[in-house]
There are 2 protein chains.
Amino acid sequence: MTTTEAAEQPLSIGEVAERTGLSVHALRFYEREGLLVGPVRRTSGGRRRYTSFDVDWLLICVKLRESGMPLADLKHFAELVRHGPGNEAERLRLLDAHRQRVDAQIQALEECRSVITWKVGVYAEHLARGEAGGLWDPTA
Amino acid sequence: MTTTEAAEQPLSIGEVAERTGLSVHALRFYEREGLLVGPVRRTSGGRRRYTSFDVDWLLICVKLRESGMPLADLKHFAELVRHGPGNEAERLRLLDAHRQRVDAQIQALEECRSVITWKVGVYAEHLARGEAGGLWDPTA
DNA sequence: CTACGATCTGGAGCGAGGTCTAGATCAAGT
DNA sequence: ACTTGATCTAGACCTCGCTCCAGATCGTAG
C-alpha cells in the first residue's frame with residue numbers, strides 16, 4: 001500500500017486496458033492528448049511500459065470522465081500535476097467545482113427518476129385495470 | 001389542469017423553446033427525426049403551432065434525454081404512443097428499463113463523488129499543513 | 001528460424017446530438 | 001407601404017470522444 005519502494009513491475013498497454021476499462025486505442029489517444037501526467041516509459045523496442053503510478057492516475061481519470069468531466073479539464077488537471085507542487089489550491093478548486101457539477105447531476109437524475117417512476121405508475125395502473133380505463137394517450 | 005376542454009392557445013416555436021429549454025433548432029430537429037407523437041399543426045402561413053399536448057410530451061422528452069435516453073429510444077417510445085392503445089406493456093418495459101439505467105447512473109455518480117471528495121480532502125489537508133507535508137505528487 | 005499475436009505510428013472515420021447558414025416568407029407595428 | 005423580427009426549408013457543418021485502418025515492428029513460443 002503505497003510503500004516507499006514498490007516492487008514496480010511495469011504493465012503493457014493491454015494489461016492497463018484490462019485494469020482500467022479503457023481500450024488500448026483510448027490509452028494511446030489519452031497520451032497523445034496530454035492527459036497523462038508524464039510521458040509513458042518505453043521498452044528498447046518502443047512498447048509502452050506503464051507504472052502503477054500511471055495506472056492510479058488513469059483510474060482517477062476514469063472516474064472523472066465517468067462523472068462527465070470533459071477531456072479539456074482533465075488535461076488541465078494533468079498539466080497542473082505535471083508542473084509539480086505549488087498549485088495545489090488550483091487543483092483543489094478544479095476538483096471541487098467538478099464535485100459540485102456531479103452533485104447537480106445527481107440531483108437532476110433523481111428528478112428524472114421520479115418523473116419516470118410516476119409515468120411507469122401511470123402505465124402499471126392502466127394495465128392493472130385491464131386496459132379498460134380511458135387512458136388519455138398523447139402524454140401518457 | 002387537464003380539463004376535458006382546455007382553452008387551447010397554441011404556442012409558437014419560440015415560446016415552446018422557452019418553455020422546454022430546447023432551442024428552436026433542436027425542436028425542428030426533433031420533429032424531423034420523428035420524436036414527436038404527431039405532426040405539429042401549422043398556421044396557414046406554415047408556422048408551427050404547438051398544443052399543450054405537444055409541450056407536455058416535449059417536457060417528458062427533455063427529462064428522458066437529460067437522464068441519458070438515446071434519441072433512438074425516444075423515437076421508439078414516440079412510435080409506440082403514436083400507434084395508439086394496445087402496446088402499453090411495451091411502453092412500460094421501455095420506461096422501466098430506462099429507470100434501471102438511471103438508477104445505475106446515480107450509483108456510479110455517487111461512487112465518483114466519493115472518490116473526488118476523498119481527493120479533495122487530500123488537497124485540503126495538504127494546504128492546511130501549509131504545503132509542508134511531503135505530498136506524493138503523481139497521483140495526488 | 002518461423003509464426004503469431006501484441007504493439008507501434010499517423011491519420012482517417014464514425015456516431016451522437018445537435019447547431020448554423022442561406023435565402024425566402026410571414027406577421028405585426030408605424 | 002415599409003421595416004423588423006420571427007419562422008420557414010434543406011442541407012452543410014461542428015464538437016466530442018473515441019475507434020479503426022494500414023503497414024511496419026516487436027517479442028515470445030515452438
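Any value given below was found using the heavy atoms of this structure, including those in side chains, with hydrogens, waters and symmetry copies removed. A, B, ... follow the sequence lines: proteins, then strands. Residue 1 opens every chain. In this text, all values refer to a predicted model and were calculated from it rather than measured experimentally.
To the nearest 0.5 Å, atoms CG (A:Leu92) and CD (A:Glu90) are separated by 10.5 Å.
Residue A:Arg48 places at least one side-chain N or O under 4.0 Å from the OP1 or OP2 atom of C:dC8. Side-chain nitrogen and oxygen atoms of B:Tyr30 include none within less than 4.0 Å of the OP1 or OP2 phosphate oxygen of C:dG17. Between A:Ser12 and C:dA6, a side-chain N or O to OP1/OP2 separation shorter than 4.0 Å is absent.
For the pairing with A:Trp57, the ring-ring contact (aromatic ring centres under 6.0 Å, His included) check across A:Tyr50, A:Tyr30, A:Phe77 returns one residue only, A:Phe77.
Side chain of B:His83 to main chain of B:Glu79: a donor-acceptor pair is present (N/O by atom type, distance under 3.5 Å, no hydrogens or angles).
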**OP:** Check the pair B:Lys63 / B:Glu66 against salt bridge (charged side-chain N to carboxylate O under 4.0 Å, His left out), numbers first and verdict last.
**Re:** CA-CA 5 Å; B:Lys63 283 301 175 195; B:Glu66 215 177 307; 3.8 Å; yes
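Of the two residues near DNA chain C, A:Gly14 and B:Leu22, the one whose nearest nucleotide lies more 5' is A:Gly14.
Computed from coordinates, the A:Leu64 CG to D:dC16 C1' distance equals 17 Å when rounded to whole Å. Straight-line distance from the CD atom of B:Glu18 to the P atom of D:dG5: 17 Å, rounded to whole Å. For the pair A:Glu66 CD and D:dC18 P, the computed distance is 11 Å after rounding to whole Å. Rounded to an integer number of Å, the gap from CZ of B:Arg41 to P of D:dT7 is 19 Å. Atom CD of A:Glu31 and atom P of D:dG17 are 19 Å apart (whole Å). For B:Leu35 and C:dG17, the CG to C1' distance is 11 Å, given to the nearest whole Å. Straight-line distance from the CG atom of A:Leu27 to the P atom of D:dG17: 16 Å, rounded to whole Å. Going from atom CZ of A:Arg42 over to atom P of C:dT9 covers 4 Å, rounded to whole Å.
The minimum heavy-atom distance linking A:Val40 with A:Arg49 is given by the pair CG1-O, 3.6 Å. The two residues A:Val102 and A:Ser67 come nearest to each other via the heavy atoms CG2-CB, 3.8 Å.
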**OP:** Would you mind building the protein contact string for nucleotides 19-30 of chain D? One character per nucleotide, 5' to 3', B for base within reach (heavy atoms under 4.0 Å), S for sugar-phosphate only, - for untouched.
**Re:** BB----BBS---
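Distances were taken from every side-chain heavy atom of A:Arg65 (C-beta onward) to each of C:dG18, C:dC8, D:dC18; the shortest belongs to D:dC18. Relative to the side chain of B:Leu71, the nucleotides C:dC8, C:dG18, D:dC18 differ in distance, and C:dG18 lies closest.
Under the 4.5 Å side-chain heavy-atom criterion for grouping Ile, Leu, Val, Met, Phe, Trp and Tyr, A:Val81 is connected to B:Leu127 within one hydrophobic cluster.
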